[in-house]
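Structure, as structure tokens:
In what follows, every chain begins at residue 1, and chains take the letters A, B, ... in the order their sequences are listed.
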There are 2 protein chains.
Amino acid sequence: MAKSVSDSLNGHTLDRLMNYYHCLRNYSANEQEGVISSTQLARMLSLDDSQIRKDLAAIGVKGLCHVGFGVDQVMQTIGQVTGIAHRHPAVVIGAGRLGGALASYAGFAEYGLAVVALFDHDPAKIGLTIGGHVVQPLDQLERILKNAHVRLAILTLPADAAQQAALRLVNAGVKVLWNFSPARLNLPPAVFVRHEQLFVGLGQLFYHLHRSHSS
Amino acid sequence: MAKSVSDSLNGHTLDRLMNYYHCLRNYSANEQEGVISSTQLARMLSLDDSQIRKDLAAIGVKGLCHVGFGVDQVMQTIGQVTGIAHRHPAVVIGAGRLGGALASYAGFAEYGLAVVALFDHDPAKIGLTIGGHVVQPLDQLERILKNAHVRLAILTLPADAAQQAALRLVNAGVKVLWNFSPARLNLPPAVFVRHEQLFVGLGQLFYHLHRSHSS
DNA sequence: TAGATTGTTAATCGATTAACAATC
DNA sequence: TAGATTGTTAATCGATTAACAATC
């Protein structure tokens, strides 16, 4: 069952589609129209309007000349194509502050991410309840992943523990990793890793700080 | 005092420079050589080697034919150009789990970010110590920002409180905002905002989840 | 020297933007 | 109809990659 439409989407397009969706959620809450033009959406997101028309055409949304695009239809289609309309069970490895924040962030549920368990190897943390999750010991990892059919894991461990944990996750069936540790992971190429390196952004922040200073 | 070298760096280049630095920190800890070739560094980061030579040339680092680049010199120059060699005082607004995580993350200090205060408007949180910071009430904002010469703020408030807080920060002299709230901020164009929208990454994560499933 | 590496220019690639006929 | 908007192709722009002479 090849889903022809979503097969050709690259990372940039997916990111923009997520932004369209996010933007339209707020828009549809305020407006009663039910319709939006590519120009309007473009202005809200500081994008080019033809970019939006092209992206929507790529996922098969048809607009109406003289009118625009149906907000509901756009949101539904983006939901299908990106997968945020479905429920994706995930685990968080590392019950530190960041792990707790991600495990308890209610907004994720609205975007299809369902954290089903939170793990840590620190005995002092096991059994605590953080954001509605009882912290589990790592020896429960394989069992819980299997029971909940988890194939997505969020890694918030310190750098030195990340590689080992990642391998164990992959062996337990995880196909996609969201890595918040500063460690570069060495994994089979079939595993998709999104490396969220927050410190990288500091370069741009500092750069603009100096520019605003001198100008 | 025009700093000719760093004036022409764009966002991509800055991001890569941060990655080079991060990578070389680990490298220099393990290796004794003190020298690295563009090919070696490229392999570690899965980049093109000429990209690296071009970036290093852009910041004025000279390599040695037949040898490579001096690791110390590269790191020092990147530190100067990106600003991570300096200390940048910052405040965190929002003492939730994410705010606490960012305020207490020790790794930031090694990249030039010094969190000097953590704020919240919830009276129940004020006075608590989170990651070494006593949570401050918002009415102390202007005073603390001025005293510590803060021009960089990290925003971890919920969406509905973000815009108002951002305006107040800008009025208090903040020039650069690191926005972790899902709210799009409407601010004077002179203010640089880096919008860290974590949910956007979910699109790519889910997409690869489905692909790994079908293949 | 021979071989490996830099520095830099040219070629390629892909993403973004502009333009405009088709449409309602 | 007139005017506004889509859908799509062409043009532009910028980033990445390839190539290779210069260097030690």
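- Rounded to a whole Å, the CG atom of B:Leu41 is 10 Å from the P atom of C:dT6.
- A:Asp49 places its CG atom 10 Å from the C1' atom of D:dT6, with the value rounded to the nearest Å.
- Nucleotide D:dG3 holds its P atom 10 Å from the NE2 atom of A:His66, rounded to whole Å.
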Given pairs defined as Watson-Crick or G-U wobble with both distances under 3.5 Å, what dot-bracket annotation applies to DNA chain C, with ( ) intrastrand, [ ] crossing, | other strand and . unpaired? ..||||||||||||||||||||||

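- Between the side chain of B:His195 and the main chain of B:Ser181, a donor-acceptor pair closer than 3.5 Å is present.
- Residues satisfying the side-chain contact (heavy atoms from CB on, under 4.5 Å) test with B:Phe192, not counting sequence neighbours, are A:Gln204, A:Leu205, A:His208, B:Val176, B:Arg194.
- A distance-only check finds no donor-acceptor pair linking the side chain of A:Asn10 to the backbone of A:Leu14 [under 3.5 Å].
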Donor-acceptor pairs under 3.5 angstrom involving side-chain atoms of residues 157-164 of chain B: please list them, not counting sequence neighbours.
unit_1   : atom_1 : unit_2   : atom_2 : d
B:Gln163 : OE1    : B:Asn186 : N      : 2.9
B:Gln163 : NE2    : B:Asn186 : O      : 3.0

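- In terms of the side-chain contact (heavy atoms from CB on, under 4.5 Å) criterion, residue partners of B:Ala166 (sequence neighbours excluded) are, by chain and number, B:Leu155, B:Leu177, B:Leu185, B:Leu187.
- Between the A:Thr156 side chain and the A:Ile93 main chain, a donor and an acceptor come within less than 3.5 Å of each other.
- For the pair A:Phe69 CZ and C:dC24 C1', the computed distance is 14 Å after rounding to whole Å.
- In this structure, the NZ atom of B:Lys62 is 15 Å from the C1' atom of C:dT5, given to the nearest Å.
- For the pair B:Asp120 (side chain) and B:Ala95 (backbone), a donor-acceptor distance under 3.5 Å is present.
- Listed by chain and number, the residues in a ring pair (Phe, Tyr, Trp, His ring centres under 6.0 Å) with A:Phe206 are B:His88 (sequence neighbours excluded).
- Taking atom CD1 of B:Ile52 as the reference point, atom P of C:dT8 lies 17 Å away to the nearest angstrom.
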Quick tally for nucleotides 12-18 of chain C: nucleotides whose base has a protein heavy atom under 4.0 Å get B, sugar-phosphate-only ones S, the rest -, giving ---SBBB

